[in-house]
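Report on one structure; see the data block that follows.
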There are 2 protein chains.
Amino acid sequence: MKISKTEENYLKAIFSILEKGKPSASTNSISQKMETSAASVTDMVKRLAKKKLAIHESHKGVKLTKEGNKIATMLTRKHRLWEVFLVDKLDFLWDEVHEMAEELEHIQSKEMIDRLDNFLGNPKFDPHGDPIPDADGKFATRQQTPLNEFKVGEKGTVVGVRESSTPFLQYLDQLGLGLGSKIEILEKYEYDNSAKILLNKSKEIVITGKVCLNLFLQK
Amino acid sequence: MKISKTEENYLKAIFSILEKGKPSASTNSISQKMETSAASVTDMVKRLAKKKLAIHESHKGVKLTKEGNKIATMLTRKHRLWEVFLVDKLDFLWDEVHEMAEELEHIQSKEMIDRLDNFLGNPKFDPHGDPIPDADGKFATRQQTPLNEFKVGEKGTVVGVRESSTPFLQYLDQLGLGLGSKIEILEKYEYDNSAKILLNKSKEIVITGKVCLNLFLQK
DNA sequence: AATAATTTTTAGACTAATCTAAAAATATAT
DNA sequence: ATATATTTTTAGATTAGTCTAAAAATTATT
């Protein structure tokens, strides 16, 4: 059965909504992710259901079948491996690679992606710290805590970001914060969740509540 | 102006026909390359003409504009660079890479392809010996002669193939012939253009006229 | 429970890319 | 040069993916 690029993108959108713990993905939430009308979503969801990639009960949202889930997982695998390639081999910055990976993830060959995986040294996480599923679809797990849950005096290493939009990543770059940065909490300002931190044992900076919420660290 | 993947494929098809020295590409020749009906070609050619990528006079075939030519050249550049990547970095065989490169060539980013070029060491020829245009669209040239024009006693090194279909390349592999093979002509059999050759100064083999016609060598 | 607001689906239309069948134009052969 | 064959174009239909506007279903509010 052939699956179009558009269908793949819908599967990914649904997957990303379900990933956040929702029991099913609403038509509206999908239309926002895909930047299309709700009517288009209804049409497409019916097509995915007919192909046994999704389960759709009218007015009750969409889930993925095992097959739909597998396809979305493999798209995620491809996306993240290509991001590693672009950063590690072609020297792009972590905020520059998303769009390119969005295109590259639709390249078919499974053999190619498995070889790419090997070529890159079987990375477990992408340049934003997101886990890369292996060839069987298994995601690596990792002990990680958002910075806002840290207490004064605690230390940790940045291992991921909750949001990987270009502006946010560029802002982190400006601050000198990236994957691998060592952090110690010096002070916390509860009124807006901001904090003063010691960065890489050398520089004191103040970061906003938004940043605290979106940084994942390993203790 | 946005150019669809389909339009890109038509541009490439037209380009490849014109490349063989034809003054213009006929509707029929394009429909054969694209494996579509002649009617579809007429439709598409009109669209390309409207976008100023092709020049079309009814019943008189198609040419490419400077812009159309440039796009086709850049597609060729991308295709061939990706082939080098697949063979040099992911260890695919020269007969396995065409289909994957057909997909990869449609990835947009020019910056990415220029970086890929550098990463690969700015190769001038792809795994089949075809020249890779540089970032400005310039093709490398090379002194090359088809094997059938060689005389008994002459020697040369294989640098390219006229046809790069999977069966032909696999047949060459079976014979132990590839880019870089050293050849000396021992005998020529005029009645069917076959020849007996000395391969890599070690092995005597007989090759058919078809092979002689499709191998390019440097003297 | 009835009404209002929101979400989802249906209906009908549009575009890109394709097709078949028929008509028109060009090329070939007697 | 006329008839035949081939090539190209036109006409009309089809499918995937999209849209807007309206109808239907669900959820929230009084």
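No experiment lies behind these values; they were computed from the predicted model shown. These numbers come from the heavy atoms of this one structure, side chains and all, not from hydrogens, waters or symmetry mates. Each chain gets a letter, A, B and so on, in the order the sequences are listed, and its residues count up from 1.
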Are B:D114 and B:R77 within salt-bridge range, i.e. N to O under 4.0 Å? yes

Test side chain to side chain contact (heavy atoms under 4.5 Å, CB included) applied to B:S37 - qualifying residues, sequence neighbours left out: B:A39, B:S40

Output all residues satisfying ring pair (Phe, Tyr, Trp, His ring centres under 6.0 Å) with B:H56, sequence neighbours left out; order by chain, then residue number. none

Counted 5' to 3', the first and last nucleotides of DNA chain D within 4.0 Å (strictly under) of a heavy-atom of chain B are D:dT7 to D:dT10

Classify B:S37 by what it touches in the nucleic acid, base, sugar-phosphate, or nothing, heavy-atom distance under 4.0 Å. base

Carboxylate-amine/guanidinium proximity below 4.0 Å for A:K12 and A:E102: yes

Which residue in the set A:D173, A:T166, A:D126 passes side chain to side chain donor-acceptor pair (under 3.5 Å) when paired with A:W94? A:D173

Expected output is a numbered-order residue list: members of residues 40-49 of chain B with a heavy atom under 4.0 Å from any atom of DNA chain D. What is it? B:T42, B:K46

By side chain to side chain contact (heavy atoms under 4.5 Å, CB included) - contacts of A:K60 (at least two apart): A:E57

Under 4.0 Å between a side-chain nitrogen and a carboxylate oxygen: does that hold for B:E149 and B:K219? no

Specify the residues of residues 3-32 of chain B, ordered by number, for which at least one heavy atom lies under 4.0 angstrom from an atom of DNA chain D. B:S26, B:T27, B:N28

Does a donor on one side chain and an acceptor on the other come within less than 3.5 Å for A:S109 and A:E111? no

In whole angstroms, the gap separating C1' of C:dA16 from CE of B:M1 amounts to 16 Å

Check whether NZ of the Lys or CZ of the Arg B:K89 lies under 6.0 Å from the centre of the six-membered ring of A:F85 and within 45 degrees of that ring's axis. no

Is there a donor in the side chain of B:S26 and an acceptor in the side chain of B:N28, or the other way round, less than 3.5 Å apart? no

